[in-house]
Structures are given as C-alpha cells and as structure tokens.
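See below for the structure under consideration.
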Amino acid sequence: MNGYNHYKERSIYSMSGAEQLLLLFDESIRRLTRAEESLKEKNYEDFEDCLLRVSRIVRYLIDILDLEQPISWDLRRIYEFLIFDLSRVKAGRYRRQDEIGRIRHILSELREGFEGASHKVNDMHMAKVGELRG
C-alpha cells in the first residue's frame, strides 16, 4: 500500500461515526454529479459505474440502520426508493436523466439533516461533560 492510500485509510478510521456517515453522503452526491456529466459526454461505462457506487452506498446505509429506532423505518423506505429510482435512471438513461438531480437533492437534504443532528448531539454531549466536571 502506498503512503497516500495508507494515510487515507488511517484518516477514515480515525473519523467519528457521524463524520463517516457524512462522508458517505458526500461521496454519493459527488458520484451523482459525475454520472450526470458522464451521461452528457456519452461515457456510459463511467455513468453506470457511478450509479452502481451510489447504489452500493445507499444499500450500505440501509445495512447500518438501527431498526430499533422508529426513524430508521422511514429512512429505510427513503433509501429503498432511492435504489429503485437509481435503477430506473440506469435503465432509462436519457428519459430519466432529470431524476439524477432529484436523487441528489434528496441525498443532500438527508446529509444536512444528519449534519444538524450530529451538531446537536455533540452540543448536548459537551454540556453533559461540562456539568459533570463543574
């Protein structure tokens, strides 16, 4: 493994769970943008690869859900819809290319929600730590 890849791997392992989750959303959003560009350039191999990677990320997001939490069932339905929509985009290419922006928007909204929630949790955690020491 070269030095850069080793550095990337170590930095990912040192991230918090919330940071890793946001990284997954960022990567899926970036891949959707790339898929749109690849479709315009008629680079179908890259287009399909990008959609495959986004589908894998969304499937992973389903796999890591804690289904004991009520919100997880709603998230699961959203993620399953996204996977279905991604398959329609892949099959319809030009007929469904406008769907890529909608899928990206949904993932962006979810990312913002998780980012906001992680800030609230961190703020609450810091307050509790402060109370214990004070």
Side-chain angles (χ1 to χ4, degrees):
M1 179 181 306
N2 71 30
Y4 177 71
N5 286 340
H6 183 68
Y7 168 76
K8 275 179 41 178
E9 185 176 312
R10 287 185 58 105
S11 66
I12 289 172
Y13 287 129
S14 66
M15 289 179 166
S16 70
E19 290 172 324
Q20 289 177 3
L21 184 64
L22 295 177
L23 186 67
L24 288 170
F25 280 108
D26 290 342
E27 180 64 15
S28 63
I29 292 164
R30 187 177 72 76
R31 290 284 175 169
L32 285 170
T33 301
R34 186 170 156 184
E36 247 178 347
E37 292 168 5
S38 294
L39 187 59
K40 287 176 187 172
E41 296 169 1
K42 298 185 181 192
N43 183 351
Y44 302 121
E45 186 177 324
D46 190 54
F47 168 78
E48 291 184 12
D49 181 61
C50 288
L51 293 183
L52 177 64
R53 288 175 187 248
V54 174
S55 293
R56 286 180 179 166
I57 290 171
V58 175
R59 287 181 200 284
Y60 178 73
L61 293 172
I62 291 172
D63 290 344
I64 63 172
L65 285 172
D66 177 3
L67 295 176
E68 292 183 18
Q69 304 300 321
I71 186 104
S72 294
W73 290 99
D74 293 331
L75 287 170
R76 183 183 177 120
R77 283 193 293 268
I78 292 169
Y79 294 151
E80 287 173 346
F81 168 77
L82 291 174
I83 289 170
F84 172 75
D85 228 15
L86 284 165
S87 67
R88 288 178 37 193
V89 169
K90 188 175 178 182
R93 286 187 189 158
Y94 289 108
R95 290 178 304 192
R96 302 279 183 201
Q97 83 184 60
D98 56 323
E99 297 288 314
I100 296 172
R102 194 169 58 78
I103 295 167
R104 187 176 46 237
H105 177 74
I106 292 169
L107 287 169
S108 295
E109 292 287 320
L110 288 168
R111 186 207 183 280
E112 286 179 28
F114 279 111
E115 184 177 34
S118 74
H119 287 306
K120 283 188 178 187
V121 168
N122 286 339
D123 289 345
M124 288 172 36
H125 178 67
M126 295 302 265
K128 287 181 184 176
V129 170
E131 291 172 11
L132 290 174
R133 292 184 179 184

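Here the straight-line distance linking atom CG of Leu110 with atom CG of Leu22 works out to 11.5 Å at 0.5 Å rounding. The OG atom of Ser38 sits 9.0 Å away from the CD1 atom of Ile100 when rounded to the nearest 0.5 Å. In this structure, CG in Asp74 is found 10.5 Å from CG in Leu65, a value given to the nearest 0.5 Å. Considering CD1 of Ile78 and CD1 of Ile62, their distance stands at 11.0 Å, rounded to 0.5 Å. Between Ile64 atom CD1 and Leu24 atom CG the span is 6.5 Å, to the nearest 0.5 Å.
Applying the side-chain hydrogen bond (donor to acceptor under 3.5 Å, both in side chains) criterion to Glu37, with sequence neighbours excluded, gives no partner residue. Considering only residues two or more places apart in sequence or on other chains, Asp63 meets the side-chain hydrogen bond (donor to acceptor under 3.5 Å, both in side chains) condition with none of them. Partners of Ser87 under the side chain to side chain contact (heavy atoms under 4.5 Å, CB included) rule, at least two apart in sequence or in another chain, are Phe84. Checked against salt bridge (charged side-chain N to carboxylate O under 4.0 Å, His left out), Glu115 has the following partners two or more places apart in sequence or in another chain: Arg111. Taking the side-chain hydrogen bond (donor to acceptor under 3.5 Å, both in side chains) definition, one finds that Glu80 meets it with Arg76, sequence neighbours left out. Partners of Tyr60 by ring-ring contact (aromatic ring centres under 6.0 Å, His included), not counting sequence neighbours: none found. With sequence neighbours left out, the ring-ring contact (aromatic ring centres under 6.0 Å, His included) criterion links Phe25 to Phe114. Ser72 is linked by a side-chain hydrogen bond (donor to acceptor under 3.5 Å, both in side chains) to nothing, counting only residues two or more places apart in sequence or in another chain.
In this structure, the side chains of Leu75 and Gln69 stay at 4.5 Å or more apart for every pair of heavy atoms.
Both Phe81 and Ile103 belong to a common hydrophobic cluster when Ile, Leu, Val, Met, Phe, Trp and Tyr are linked at side-chain heavy-atom distances under 4.5 angstrom.
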Go through the steps to decide whether Arg102 and Ile106 satisfy the test side-chain contact (heavy atoms from CB on, under 4.5 Å), and finish with yes or no. CA-CA 6 Å; Arg102 194 169 58 78; Ile106 292 169; 4.0 Å; yes

Set out, in order, the CA-CA distance, both residues' side-chain angles and the distance that settles side-chain contact (heavy atoms from CB on, under 4.5 Å) for Leu107 and Ile57, then state yes or no. CA-CA 11 Å; Leu107 287 169; Ile57 290 171; over 6 Å; no

Could you walk me through whether Val54 and Leu82 pass side-chain contact (heavy atoms from CB on, under 4.5 Å), step by step? CA-CA 10 Å; Val54 174; Leu82 291 174; over 6 Å; no

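Closest heavy-atom contact between Ser55 and Leu86: OG-CD1, 3.6 Å. Here the shortest heavy-atom pairing between Leu39 and Tyr44 reads CD1-CE2, 3.9 Å.
For residues 44-62, every residue pair satisfying the salt bridge (charged side-chain N to carboxylate O under 4.0 Å, His left out) rule, not counting sequence neighbours, is listed here: Arg31-Asp49, Arg34-Asp46, Glu48-Arg93, Asp49-Arg53.
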